[in-house]
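Okay, so here's the structure we're looking at.
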Amino acid sequence: MTLPDNENDNNVASHKMYMGWAIKLAKYALDHGETPVACIFVHYKSKQIVAYGMNDTNNSLTGIAHAEFMAIEQIKSRFPNDPIGFNQFCSDCIVYVTVEPCIMCASALKQLNFKKIYFGCGNDRFGGNGTVLSINQDKSTVNYNGVVYKQKSIPGLYRREAIMLLRYFYVKENKRSPNPRIKLDRNLDKDNFPQINWSHYMNNNLFGQEFGLHNLSHFQTMDDIEEFSTIDWNLIDSTYDNILNDLQLETKHFKLNEYKRLKV
Amino acid sequence: MVKKECNPLHIDYKKCIIEDKLLQVKHSLNNNVPDLTTVWTIEIDPRDSKKVIDFIRSTQDKDPISLQHIKRIKKTEDLKRLKVVIISTTYIGKEADVIDLLNATNIKYELLSNETQIPLIGPSTKELVNQWSKDYWPLTWNGNPNDQILNDYVFDMEFIKKILTTISNISEKELTKGNKYPIVSAFVDPLNKDLITIAVDERNIKDGCSLDHSIICGIKSIAKLQREMLTNDKMNMTSYLCLNYDIYTTHEPCSMCSMALVHSRIKRCIFVRPMQMTGALLPDSGDGYSMHNNKILNSQYEVFEWLGNEFDNIPILCNNICC
């Protein structure tokens, strides 16, 4: 059995499902005192979730325990003493991350040859997939075989929701500060969102391929595509106490051997 | 801070080389375009200039932005009055506070404004002084500001050589053991120079993965050490990530590792072998990132390349390996 190997068979509905998981996990991180950034890795052909990660910098005492690194660790544990199997598997995965990978994570994802990256909002301070640097398109960050290549990275999935979670985080931080601001809601902007300059991340063609011709005008006007133009408040204002269990179950479903047998 | 002529280290200020061995690695791009900062200006009658100079004398030590490289006073376009830079907007941001400060003196002023932009630091050459004076605000020439930066660095050359000898020997041994990635880094704790963490690239070991570069392994093992100390309640409260650590590494780090060092808040990185294709520090390596010197990123670190031939035993790697 072969599944269609068409790059463009992903539609916005399935993006919504996968990025929805990542947003929920980021909300869980927020509710547990971590930076609200999270990711989901999806095995491209079986379309199953195979790993997930959220920021763990506070708990781990390192500045590098970002969501992507935590998910990579999960993949690694599927391949004990099998670095080649690990590398090959990463090449078959798509990354959904709520915030653009930082330069370090962008480099890690590129060196591991991940198939494609989807993210929510840009990362103005550290973004490595088009905002500060474009590691995914560069010549100096090669994959584990030393090959120079360009990796696609596409922004805009639940962008406003990802931005709102970051805003919630900064307001929360103010509460803990020695001089908390009094009228917090005044500082929490729920109505205005910055424009997105799509051309920093992709060209017009790729945009059309990814989001469909009906969205093409948004490339020029620098606003969100139709499917993400109204914010899903329910998604970001709910709590997800069971999400770690749910994700564990999801990832347990995936058995590489079964999948390999299917392919034969 | 010692005076230039009293510095025991031999520094070549033109080539930016210390003791003929360590090359200061800077971002070479955009040297001709200054970073700008805004300042408060007022206009005064020339007869009031003495009062204003007294005022400047009383505030200049408190201002976090040094204004030594600019002329404070210039003539207005009609040549009748003087325009004066009084303080930076970094020092005092709110107009009302500046007015309070000025009202405490008896200076008569007009047109208080925060619209003037000046170069944050002086340029590296005399020619640029003229250009920037025309483009922004009159400047003075006090020599290349990088000379002072070079003069202020602290180096223990013997210690540096000792550490580089250690990691180069390990690197050589790794190659003979069959490690295809004989890359080695040493992490030195600023609070305890005897506490040295050595990390070897683990891509080639049995449970390693393609991301286990020596610097990533080093950062992880320091965090592990800190977690253990925390549980044993011996944690030094000043320990935070790799704050102010010095890192010594055999090969120029890649984009991932150089950025991991930004996240870890290190102070200095010294490397021996440039990686022309994959390196992310030298302005002419790879894509010319100079990751340690990128002003958009929230923190920066010092970088030096070892130029001597003392550590030629460090294996030369294939061009297309990220270190």
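Given the structure is predicted, the values throughout are model-derived calculations rather than measurements. Chain letters run A, B, ... following the sequence lines, proteins first, then strands; residues in each count from 1. Computed over heavy atoms, backbone and side chain alike; hydrogens, waters and symmetry mates excluded.
- Using a 4.5 Å cut-off between heavy atoms, B:Met275 makes no contact with chain A at all.
- A:Gln248 CD: more than 12 foreign heavy atoms inside a 6.0 Å radius.
- Most heavy-atom pairs under 4.5 Å with chain B, from the set A:Lys76, A:Arg125, A:Lys110: that is A:Lys76.
- A pairwise comparison of heavy atoms in A:Ser107 and B:Ser255 identifies OG-OG, 2.8 Å as the closest pair.
- Between the CD1 atom of B:Ile321 and the CD atom of A:Gln111 there is a distance of 11.0 Å, given to the nearest 0.5 Å.
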Stepwise side-chain contact (heavy atoms from CB on, under 4.5 Å) test for A:Thr57 and B:His263: CA-CA 10 Å; A:Thr57 48; B:His263 286 317; over 6 Å; no
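- Between A:Ser140 and B:Gly286, the shortest heavy-atom contact is CB-CA, 3.7 Å.
- For chain B, the nearby parts of A:Asn81 are the backbone and the side chain; heavy atoms of each come within less than 4.5 Å.
- Between A:Tyr144 and B:Tyr181 the shortest heavy-atom distance is O-OH, 4.3 Å.
- Chain B forms more heavy-atom pairs under 4.5 Å with one residue of A:Ala65, A:Ala108, A:Ala106 than with any other, namely A:Ala108.
- Residue A:Leu133 holds its CG atom at 7.5 Å from CD1 of B:Ile296, rounded to the nearest 0.5 Å.
- With chain A as the partner, the residue from B:Ala223, B:Cys318, B:Ser258 showing the most heavy-atom pairs under 4.5 Å is B:Ala223.
- Proximity to chain A (any heavy atom under 4.5 Å) is restricted, for B:Asn294, to the side chain, taken from C-beta onward.
- Taking CG from B:Asp287 and CD1 from A:Ile135, the interatomic distance works out to 7.5 Å, rounded to the nearest 0.5 Å.
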A:Thr141 vs B:Cys254, side-chain contact (heavy atoms from CB on, under 4.5 Å): CA-CA, chis, key distance, verdict: CA-CA 7 Å; A:Thr141 309; B:Cys254 70; over 6 Å; no
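- Contact annotation for residues 203-211 of chain B against chain A (heavy-atom separation below 4.5 Å, listed by residue number): B:Lys206, B:Asp207, B:Gly208, B:Cys209, B:Ser210, B:Leu211.
- Only the side chain of A:Phe69 comes within contact range of chain B, judged by heavy atoms closer than 4.5 Å.
- Ranked by heavy-atom pairs under 4.5 Å with chain B, the first of A:Thr62, A:Asp138, A:Val142 is A:Asp138.
- Considering only heavy atoms from C-beta on, A:Ile103 stays 4.5 Å or farther from B:Tyr289 through its side chain.
- Contact of A:Ser134 with chain B is made through the backbone alone, with heavy-atom distances under 4.5 Å.
- To the nearest 0.5 Å, the span separating OG on B:Ser264 from CD1 on A:Ile64 amounts to 6.0 Å.
- Atom-to-atom distance recorded for B:Met259:CE and A:Cys102:SG is 5.5 Å, nearest 0.5 angstrom.
- For chain B, no part of A:Ile84 is nearby; none of its heavy atoms comes within less than 4.5 Å.
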